[in-house]
Structures are given as C-alpha cells and as structure tokens.
Number of protein chains: 2
Amino acid sequence: MGTTQLESVPEPKYWHLKTVISEALDSEFEVGEILPNERELAARFGVARATLRQALEQLELEGRLQRRRGVGTTVAPPRVGVDVSTAQHRWPGTGEENWEAVDCTFAAPPAAVARLLELDTDADADADADAAGSRGAARSVHTVRRLRATRGQSVAAEQLYVPASSVPGLVTSGDTTGPVLARGVLRELALLPLDGQDRAVELGSARADDAKELDRLPGAPVLVVTTRYLSEGRTAAVSVATYRADTCRLTFGDVGDLQIAS
Amino acid sequence: MGTTQLESVPEPKYWHLKTVISEALDSEFEVGEILPNERELAARFGVARATLRQALEQLELEGRLQRRRGVGTTVAPPRVGVDVSTAQHRWPGTGEENWEAVDCTFAAPPAAVARLLELDTDADADADADAAGSRGAARSVHTVRRLRATRGQSVAAEQLYVPASSVPGLVTSGDTTGPVLARGVLRELALLPLDGQDRAVELGSARADDAKELDRLPGAPVLVVTTRYLSEGRTAAVSVATYRADTCRLTFGDVGDLQIAS
DNA sequence: TAGTGGTCTAGACCACTCC
DNA sequence: GAGTGGTCTAGACCACTAC
C-alpha cells in the first residue's frame, strides 16, 4: 500500500482497499480459500471494521468473494453462465434441464404481474385493490414455484403465473396446491401454441422466501428475469425468476465459460 | 409501525424500515418529490443514520429512490426499458439509435477480453503479461468508446474492442485515437459479414471512468452486457457495455413499459 | 455559507456455524 | 463455547450543490 497522501483527488479508503484486496485475491489466494476474519483484516489494513466491510461487500457484489455468517469469507469461483436465451421457443417445464417444480398455489398475483397478464382491465380496478374479497377469485392465477440448480447449486427461484384460462383442461381434484398440481399446470400449459416470448432483466433484491431458497440473506442482490409467454395474441403466462447476482452470469447465446466483470 | 416485539424471528431494523418507506413512497409521494434529509428521517424513525442509510441504499438499488450528494433524495421514476435484443443482427454503429461514438484508442485489452478475442493463445502468454513492451502492439486492439442515451439521460457506457485484423481497410492517417477514427473503425467493421452475436449479462460495479459518464459514483451497481460479434468463424469484436442498474431494465424483445421489481 | 449525502470511526451486541 | 459475519449506535468530518 504505502502512503497515498500525494493524491490530489483522494479516493475513498474502501475503494482503495477493494483494489488492494482484489489484487491480493488474484495473486495470493486460491478459489475456495478462506480469508482472515474481518476484525483481523481491518486491523491489518488499519481501518475500522465498517470500512473494511464496505470493500468486502463490493467484492462480493462482483462475485469475487463469498461470505457466510458463522463460517467466514472465501474466495468465490468464477460465475457460472446460466442460459436464459429465448431461442428455444418452448414452454416452461418442457424438455428443460435444471428446473424443478416444487409447489403451486392459487391466488391474486402482484399488481405488476396482473398488468402484464392483462387482468384488471376494468375501469375501477385501481379503486378496489384492497378489496380482495368477493371478486378476488376472478383475478387469481395458478402460481407455480420452481427452483433452478446448476452443478448442485441453487441459482434461481421462479414464480410462474398462469391464469386459469390458459389451462382450461386442468383437473384439480379439489386441490389447488401442491407439487403434483404444479406439474399438472405445466403439462396443460404446454398444450397451447407458443407464439413467442419476451424477456427483461433488471436488478432487484431478494425477497425473504427467495433468499431462503437461494441460501442468501434477504435483500441480497438478484437479477430478476421477467418473461412473458405469448399465445394466440395474448399473454398466456408470466414468469418472474430471480437469479443470484453474485454467482450467476446470464447468457443469451453461447458466450461460454469466461467471466467479464468490471 | 407499532411494537413488533412479538416476532419470534425479528427482522433487521433496516429491512423493516425499507418496507415502511417503500409503502410510504407508494402512497404519499410523487415521482421526483424530494424526501426529508437523512438526519431527519433517522430521527423520525428513531434509528441511527447508518441504519436509515442501509434502508435507503436498498431502495436505491431497486430503483425506487435516487440520491445525489449536495442535493437530496428524490423518488425515482420507473425504470426505463432499454432494448438489448440480439435479433437485429447488425454491427454496432449501423442503424442504431441512441449510441454515440466519442473516442477511440489503441491498446492492449483486459485479459478477459483478450481471451474472448482469442488473442494470447501462445503458450507463454500468461508469463509475460506485464512485459507490455516489445510484443504489446501485437496484442493491441482498437478500443471504441461509445455512450448510449435514452430520453436525454445517459444509460450506458461501452468499450468496443476491435482487433486490427477485423478492420484491414482502416486508414489511420497517422492517428490512432479520436472520435473520427472511432467512426472509421465502426464503418470498416460493418463491411465484414456478421454471422451472429452472443450476449451475457452480469452484475458489476462501475469503474471510475464509466461512473463519471453515467453520472454516478464509482462502485455504483451496473449491469454489464458482454457481446461477442462473430464473423467467418471467429470473434471479430467484443463489446463490454455497462448499464446503470438503478435506472435501467434490459429488454430482450418487447415487454414494454411495465416494471417488475422485487 | 448552509445543507445535503458520502465516508469513517470505535465501539457494542446478535445470529449463526462448528466443534 | 468459541469464532464468524450481520446489525446497530452516536458521533465526526468531508465533498458536493445551490444559493
């Protein structure tokens, strides 16, 4: 490190720290190796623990480190490329690897999803958003929950919203929940003609339930992939999948196995 | 708020705060409206400023708030959808809107980019990574810098790496830098047949130069889009574009104008 | 010059994992 | 029970913006 007092535009300590640690990771540590604990690192660099943590947080955000409470901080492996390309033109659950349907519920979706599904188009929809009683069932959809794993590691949790009108042949046998019904919904959905999909990616933070599935703390950064499945001129289903931002690189094609981080 | 002491699994204060503020944003604030300052908000909620800041940081990450030093915290507009679909099968700079080429340099690219460009394939490449002298020119590439704006707002900064072999007809007139040459490189590149592209998206943090262009602080979260342009069986160019994660939603298709955050 | 968000400190206690 | 990262506090000062 040495003295940096000559800098006319002093960069923040945590930023400098991040650079120093990052270089150390490249040259002095192996993937999976455990770093000294935060109190020791802070003392070694002569900063407060909070400042040290700010640097570690950024490195974790960039996928360089992995921190687990009660365990320690380890050097993360390169991000895994996860294919989310839309080229295959397939319904969810048909011929895909790595996804597992774990549950299904029947309830009103979040407002943003309802908009994509073109529910709630009546004029007074916004006025009775909280009156989820009498007319709630009309706006309810099957919600299939799926998990995606790659190389033994959970990478994504998804909620797939399917209006009852998209699965007219579904036999519920009285039950509207459970993994068996989840697979039933996927099976029925696949009977529709699939005209196309469109997809969006944005940054979000993990909800409590997603965080638990992904083995992260609530609020952890995630890449939210929203997919709209189009059939016969309308939106037949909407998927909202959250991918671990620290360990995943979403690929749209076959860029392969190299990581380009900033 | 009320007392939450009955919770058997007490959630962190900042998490609860985030929820409370988020709901207040929905019901009591307009887009662009300025919030009370951090010291006042912290006092109002009865927490330390650092705790309040942790909640605000998450909300900013999710695109709900915008904070500017010396100014204040404002309610952010919904994220803008930015099309990054690969369907168009075009070279960069041909028929695209919103991108502006601002500069061009000639230098060795980062190691990860060199790998994608299939430079440095000789056996001792890793041994002389720091000996950028004699043989450095052989590994240098034209680096075109471009900026993307949407609705008057800078949303992305890109570095496009183009090996000299991809632009054999380029006339440098002695100069290997400057915006004029940048446009020349793009023009020459467009002469090649474009076989395809593949693309990857991952989370990163803004480098100092990108942060400046994007009007953010260094380290701000960004979505890094890496594109490989394929021509005649090889990688003719590589683009690394960083998009503001707080204000952008990357679209691969035409999902349109609705935001689905977590 | 006043007010804002950004950085930093030196503590404290808690939740979790592992032995 | 020992050790780890996660949360929280109550201050301080700095960099930037706008008046």
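Proteins come first, then strands; the chains are lettered A, B, ... in the order of their sequence lines, and each starts at number 1. Everything quoted here is computed from the prediction, not taken from an experiment.
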- Task: Ignoring backbone atoms, test whether Asn37(B) places a side-chain nitrogen or oxygen under 4.0 Å from the OP1 or OP2 oxygen of dT4(C).
- Result: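 Affirmative; the distance criterion is met.
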- Query: Which ones in residues 66-74 of chain A lie close to DNA chain C, meaning a heavy atom under 4.0 Å from one of its atoms?
  - Reply: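 When residues 66-74 of chain A is checked for heavy atoms under 4.0 Å from DNA chain C, the hits, listed by number, are Arg69(A), Gly70(A), Val71(A).
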What is the separation between atom [atom1] on [X] and atom [atom2] on [N], rounded to the nearest whole Å?
X: Ile34(A); N: dC18(C); atom1: CD1; atom2: C1'; result: 11 Å
X: Arg53(A); N: dG6(C); atom1: CZ; atom2: P; result: 19 Å
X: Gln58(B); N: dG6(D); atom1: CD; atom2: C1'; result: 13 Å
X: Gln54(A); N: dG5(C); atom1: CD; atom2: P; result: 17 Å
X: Leu217(B); N: dC14(D); atom1: CG; atom2: P; result: 18 Å
X: Tyr14(B); N: dC8(D); atom1: OH; atom2: P; result: 7 Å
X: Leu35(B); N: dG3(C); atom1: CG; atom2: C1'; result: 16 Å
X: His16(B); N: dC8(D); atom1: NE2; atom2: P; result: 12 Å

- Rounded distance [0.5 Å steps], CD in Glu11(A) versus NE2 in His16(A):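 If I round to the nearest 0.5 Å, the distance is 5.5 Å.
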- Query: Roughly how far, to the nearest 0.5 Å, is the OG1 atom of Thr242(A) from the CG atom of Leu223(A)?
  - Reply: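 These two atoms lie 9.5 Å from each other.
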Lys/Arg N to Asp/Glu carboxylate O, [X] vs [Y], below 4.0 Å:
X: Glu202(B); Y: Arg79(A); result: yes
X: Asp210(B); Y: Arg207(B); result: yes
X: Glu38(B); Y: Arg53(B); result: yes
X: Glu60(B); Y: Arg216(B); result: yes
X: Arg67(A); Y: Glu57(A); result: yes

Please list, pair by pair, any protein nitrogen or oxygen found under 3.5 Å from a nitrogen or oxygen in nucleotides 9-13 of chain D.
{"unit_1": "dT9(D)", "atom_1": "OP1", "unit_2": "Lys13(B)", "atom_2": "NZ", "d": "2.9"}
{"unit_1": "dT9(D)", "atom_1": "OP2", "unit_2": "Ala48(B)", "atom_2": "N", "d": "2.8"}
{"unit_1": "dT9(D)", "atom_1": "OP2", "unit_2": "Thr51(B)", "atom_2": "OG1", "d": "2.4"}

- Using the ring of each side chain (for Trp, its six-membered ring), is Trp99(A) parallel, tilted or perpendicular to Tyr243(A), with breaks at 30° and 60°?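 Plane angle over 60°, so perpendicular.
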- Message: Side chains of Thr227(A) and Arg199(A) only: does a donor on one sit below 3.5 Å from an acceptor on the other?
- Response: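 There is such a pair between these side chains.
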